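These notes concern the structure reproduced below.
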Amino acid sequence: MTGTEYLSNRLTTALKKKDFAEPGEITIGLERPKFAEHGDLATNVAILLARKLKRNPREIATDIVQALELDPDVVTSAEIAGAGFINFRFGNGFYHNELRTILDAGSRFGQADWGNKKRVQIEFVSANPTGPLNIVSARAAAVGDVLANLLQAVDCDVEREYYVNDAGRQIRLLGMSVSARYMALLGQTEDFPEEGYHGLYIHELAQQLVDESGDQFAKMEQAERWKALSELALEKLLASQKEVLHSYRLNFDSWFREKKLRENNSHIDVLKTLTDKGFVFEKDGAKWFKSTQFGDEKDRVLITGEGEPTYFLVDVAYHADKYNRGFEKLHDLWGPDHHGYIKRMQAALLALGYQEGSFEVTIIQQVNLFQKGEVVKMSKRAGKIIEMKELLDEVGVDVARFFFIARRTQSPLDFDMDLAKNTSEENPVFYVQYAHARICNIINKAVAQGISLPKQVNLSPLDKKEELLLIKKLIEFPQTVSKAAKYLEPHRIPTYLQELAATFHKFYHHHRVVTDDVELAQARLGLIKGVQIVLANAFKLLGISAPERM
RNA sequence: GCGCCAGUAGCUCAGCUGGAUAGAGCAACGGACUUCUAAUCCGUAGGUCACAGGUUCGAAUCCUGUCUGGCGUACCA
């Protein structure tokens with residue numbers, strides 16, 4: 001049992017005994033105080049009760065403390081302070097037990113089960129398959145993957161999905177763009193489409209096609225060639241996207257094709273359902289969805305005047321399909337240019353009868369890439385994009401992932417390429433990884449001297465300030481993971497990691513692990529083993545490596 | 001105009017969903033390697049939490065308004 005659980009329990013009993021509150025009536029907040037001299041855990045229940053009971057909070061606190069039945073081996077003191085806080089202090093034995101729990105749990109430490117195997121789908125990246133992945137996709141990829149890891153850690157049943165927009169205008173444009181380049185390579189001219197894709201990769205693709213298939217496509221009718229080349233180009237680009245993502249240690253469980261949706265006429269079904277429910281009307285020759293009824297600022301077109309389904313309609317069908325596949329919770333990561341789109345999607349899903357709040361969107365804000373102090377502009381259509389692969393080649397997977405995760409997703413991110421590359425001292429990634437490498441080194445050293453960690457290690461020699469601080473920091477890990485998962489805030493993990501690494505490095509400089517005092521050495525081995533476990537578990541959540549030497 | 005996001009140390013950012021005295025890293029300055037890796041540690045300095053009101057025992061955090069910056073506001077995808 002954790003300290004929080006223990007105290008929360010005892011406090012509930014005490015409140016009931018004094019007739020202050022029924023169990024569950026108020027939430028008992030227990031927090032680690034900012035200042036160590038305030039103790040290990042503090043509660044503000046007395047202050048919260050003050051208004052209800054119309055009494056002085058410090059008096060209430062006194063009553064609570066008197067009513068508390070605490071095991072003196074666990075809690076060594078309960079003091080009233082400030083406005084009416086009750087500050088608790090735990091005995092060393094309590095912390096030794098906590099450390100033992102960590103050692104026993106090993107790679108499972110940090111996990112929770114409140115997810116209840118809920119079926120969650122996270123859809124992310126989903127970039128147009130008309131070019132290589134860019135740096136914004138790299139951010140989304142990291143965030144989505146870590147979110148999925150976090151939800152899995154709290155026992156959700158998570159699927160990672162990539163939505164492939166393989167239908168519609170942009171694919172036709174892709175085929176035409178490739179065709180024009182292809183024909184040019186064969187010495188024939190074909191007009192380059194307006195709004196076509198100018199990127200260098202289009203040339204490369206065309207060259208590849210010439211190398212593989214010669215002039216085979218030049219013999220076709222133009223329309224036939226456009227179709228054939230668009231399909232071929234799409235698959236090739238998709239394959240290269242998969243390759244980059246794989247090197248980023250990200251593997252999607254599902255690649256869902258928009259084309260399939262259209263072939264099954266899923267969007268027509270959705271249109272029918274919405275019409276039957278009375279949420280569709282006609283105006284100016286188009287069919288509209290009454291999204292204003294569900295809080296959107298204006299109604300949205302489903303079928304254009306030309307009789308074509310809009311992207312929106314197909315997208316609604318796509319999300320309905322997710323529910324049909326059995327997911328209880330849908331989570332999408334979208335780019336900043338799509339935030340205006342959230343309301344209408346929520347509106348449509350509500351109109352279809354899906355539960356409010358079961359569909360959630362996180363906007364992954366823009367990434368500004370800096371190089372030599374200047375912003376590097378990127379635009380897929382203009383062909384000047386910063387490729388994800390390029391970034392990975394420059395800074396490596398660990399650094400890229402850590403940098404992207406370390407900031408709140410809703411804040412724009414300035415990515416300083418030179419800084420991330422240069423990376424000796426100022427890079428936090430190495431700081432935390434170094435802690436892990438250091439521990440591995442100490443353990444090796446101990447083994448070389450014939451000291452190893454016994455199964456039932458006696459941890460009682462751990463009584464120094466730095467040792468106890470380290471255990472206290474380790475204990476925070478499960479809570480950090482749970483909150484990161486609950487609030488969908490992966491950046492809490494890197495923040496925690498930096499704190500943990502700092503606490504460890506500090507300990508390292510104050511105390512030696514491998515000493516002649518075997519009892520002490522073994523206890524400290526247990527301590528750093530605990531740190532190693534937590535570091536490794538956190539690295540795994542982030543998808544970065546845990547180096548044994550640096 | 002309307003909507004979303006952001007504004008905290010010179011820079012990049014945390015701040016555990018309202019708690020006690022505002023926190024790191026980098027940059028600056030001064031120290032620590034005969035030691036399990038100095039990719040580290042110790043210390044100094046640095047703040048009107050954009051601004052103004054409000055809510056209450058208590059606000060960087062919640063509410064209202066203002067200012068600044070980014071993005072969005074298609075019968076495009």
Side-chain angles (χ1 to χ4, degrees), chain A residues 29 31-35 37-38 42 44 47 50-51 56-57 81-85 87 128 130 165 167-171 173 195 258 283-288 297-298 300-312 314-315 335-343 363 365-366 368 403 406-416 419 423-435 437-446 448-449 476 479-480 483-484 486-487 489 491-492 494-496 498-499 501-502 504-515 521 524 528 549-550:
Chain A
E31 288 191 342
R32 174 109 177 262
K34 205 164 4 183
F35 302 96
E37 58 272 27
H38 290 148
N44 61 348
I47 305 174
R51 193 175 316 167
N56 180 320
F85 295 98
N87 294 334
N128 269 337
T130 51
N165 295 123
R169 204 173 72 102
Q170 84 275 16
I171 298 300
L173 277 172
E195 289 185 90
E258 180 186 353
K283 195 180 89 180
D284 306 331
K287 291 188 175 170
W288 298 69
E297 56 197 52
K298 55 181 284 196
R300 307 293 174 177
V301 173
L302 298 171
I303 300 286
T304 68
E306 274 97 54
E308 288 289 317
T310 58
Y311 177 85
F312 172 57
V314 180
D315 212 11
D337 50 335
H338 279 71
H339 67 69
Y341 198 78
I342 299 174
K343 269 269 167 62
I363 295 296
Q365 283 292 345
Q366 203 180 338
N368 296 314
F403 269 54
R407 280 164 188 78
R408 304 212 313 294
T409 50
Q410 65 268 37
S411 307
L413 182 141
D414 291 338
F415 198 107
D416 188 332
L419 188 110
T423 64
S424 41
E425 289 190 78
E426 46 217 72
N427 198 325
V429 187
F430 295 122
Y431 182 80
V432 295
Q433 289 184 323
Y434 184 51
R438 235 179 187 174
I439 290 169
C440 294
N441 205 52
I442 299 171
I443 292 173
N444 289 339
K445 175 85 178 180
Q449 302 213 354
E476 289 176 23
Q479 205 182 18
T480 307
K483 288 196 175 176
K486 182 178 171 190
Y487 298 116
E489 293 181 342
H491 74 273
R492 287 166 186 255
T495 304
Y496 170 78
Q498 290 181 74
E499 290 167 6
F504 168 73
H505 286 309
K506 201 168 290 191
F507 158 79
Y508 173 90
H509 272 266
H510 281 86
H511 307 288
R512 284 187 63 84
V513 174
V514 184
T515 62
R524 285 188 176 157
I528 64 168
R549 59 184 67 246
M550 289 174 74

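The shown structure was predicted, so the numbers you read here are calculated from the model rather than taken from an experiment.
Close to B:rG3, at under 4.0 Å from its OP1 or OP2, lies no side-chain N or O of A:K343.
Taking the P atoms as reference points, B:rA59 lies 14 Å from B:rG53, given to the whole Å. Across the C1' atoms, B:rC63 and B:rU56 are found 13 Å apart, a figure rounded to whole Å. Separating the C1' atom of B:rG54 from that of B:rC16 is a span of 27 Å, rounded to the nearest Å. Between B:rA28 and B:rG46, the two C1' atoms lie 10 Å apart (nearest whole Å).
Side chains of A:F507 and A:V513 form a contact here, defined as non-hydrogen atoms less than 4.5 Å apart. Proximity of A:I442 to A:I528: side-chain heavy atoms (C-beta onward) are separated by under 4.5 Å at one or more points. Between A:F403 and A:N427 the shortest side-chain heavy-atom distance falls below 4.5 Å.
Base engagement by A:E37 is indicated by at least one non-hydrogen atom pair under 4.0 Å involving a base atom. Residue contacts for A:K287: at a heavy-atom cut-off of 4.0 Å it reaches no nucleic acid atom on any strand shown. Across all strands, A:N87 comes closer than 4.0 Å to base atoms (heavy-atom distances). The residue A:D284 sits close to a base: some heavy atom pair falls under 4.0 Å. The residue A:F35 sits close to a base: some heavy atom pair falls under 4.0 Å. As judged by a 4.0 angstrom heavy-atom cut-off over every strand, A:A435 is placed among residues making no nucleic acid contact. At the heavy-atom level, A:N44 lies under 4.0 Å from base atoms of the strands shown.
Between the base of B:rG3 and the side chain of A:H339 there is a donor-acceptor pair shorter than 3.5 Å. Within 3.5 Å, no donor on the side chain of A:H509 pairs with an acceptor on the base of B:rA38, nor the reverse.
One interatomic measurement links the two molecules: OH of A:Y341 to C1' of B:rC76, which rounds to 10 Å at whole-angstrom precision. For the pair A:Y431 OH and B:rU40 P, the interatomic distance rounds to 7 Å; values are reported in whole Å. The distance between atom CD of A:E297 and atom C1' of B:rC2, rounded to the nearest whole Å, is 7 Å. Rounded to an integer number of Å, the gap from A:I171 CD1 to B:rC76 P is 17 Å. Distance, A:F507 CZ to B:rC36 C1': 10 Å, rounded to whole Å. Here B:rC36 presents its P atom at 17 Å from CD1 of A:I439, a figure rounded to the nearest Å. When rounded to the nearest whole Å, the span between CD1 of A:I528 and P of B:rU40 equals 18 Å. For the pair A:I363 CD1 and B:rG70 C1', the computed distance is 14 Å after rounding to whole Å.
Listed candidates were B:rU40, B:rA74, B:rA77. Nearest to the side chain of A:R438 is B:rU40. With B:rC41, B:rC57, B:rA39 as the candidates, the nucleotide lying closest to the side chain of A:M550 is B:rA39. Checking B:rC57, B:rU35, B:rU40 against the side-chain heavy atoms of A:R512 singles out B:rU35 as nearest. The listed nucleotides are B:rC57, B:rG70, B:rC5; the one nearest the side chain of A:I47 is B:rC57. The nucleotide whose nearest atom lies closest to any side-chain atom of A:F85 is, among B:rA77, B:rC36, B:rA20, B:rA20. Closest to the A:V301 side chain, of the nucleotides B:rC5, B:rA77, B:rC75, is B:rC75. In the set B:rA39, B:rC75, B:rU21, the nucleotide with an atom closest to the side chain of A:Y434 is B:rA39.
Nucleotide B:rC33 carries a syn base; the chi torsion (O4'-C1'-N9-C4 or O4'-C1'-N1-C2) is within 90° of 0. Taking syn as a glycosidic angle within 90° of 0, B:rU35 does not qualify and is anti.
Here the closest non-hydrogen pair linking A:N165 and A:I171 is O-CD1, 3.6 Å. For A:K506 against A:H510, the heavy-atom pair with the smallest separation is O-ND1, 2.9 Å. Residues A:V301 and A:T310 come closest through the heavy atom pair O-OG1, 3.1 Å. Taking all atoms of both residues into account, the shortest heavy-atom contact from A:Q410 to A:Q365 is O-CG, 3.1 Å.
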What string of B, S and - do you get for nucleotides 11-17 of chain B 5' to 3' if you count protein non-hydrogen atoms under 4.0 Å? -SSSSSB

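The aromatic rings of A:Y508 and A:F504 sit tilted, their planes meeting at an angle between 30° and 60°.
Judged by closest nucleotide on RNA chain B, A:R549 is the one of A:H505 and A:R549 placed further toward the 5' end.
A donor-acceptor pair under 3.5 Å is absent between the side-chain atoms of A:R408 and the main chain of A:E489, judged by distance alone.
Annotation: side chain to side chain donor-acceptor pair (under 3.5 Å) contacts of A:H505 (sequence neighbours excluded): A:R438.
One finds the NE2 atom of A:H511 at 5.5 Å from the CZ atom of A:R524 (value rounded to the nearest 0.5 Å). The CD atom of A:Q479 sits 10.5 Å away from atom OH of A:Y496, with the distance rounded to the nearest 0.5 Å.
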Let me have RNA chain B in dot-bracket notation, would you? Count Watson-Crick plus G-U wobble pairs, both distances under 3.5 Å, and use [ ] for pairs crossing earlier ones and | for inter-strand partners. (((((((..((((.....[...)))).(((((.......))))).....(((((..]....))))))))))))....

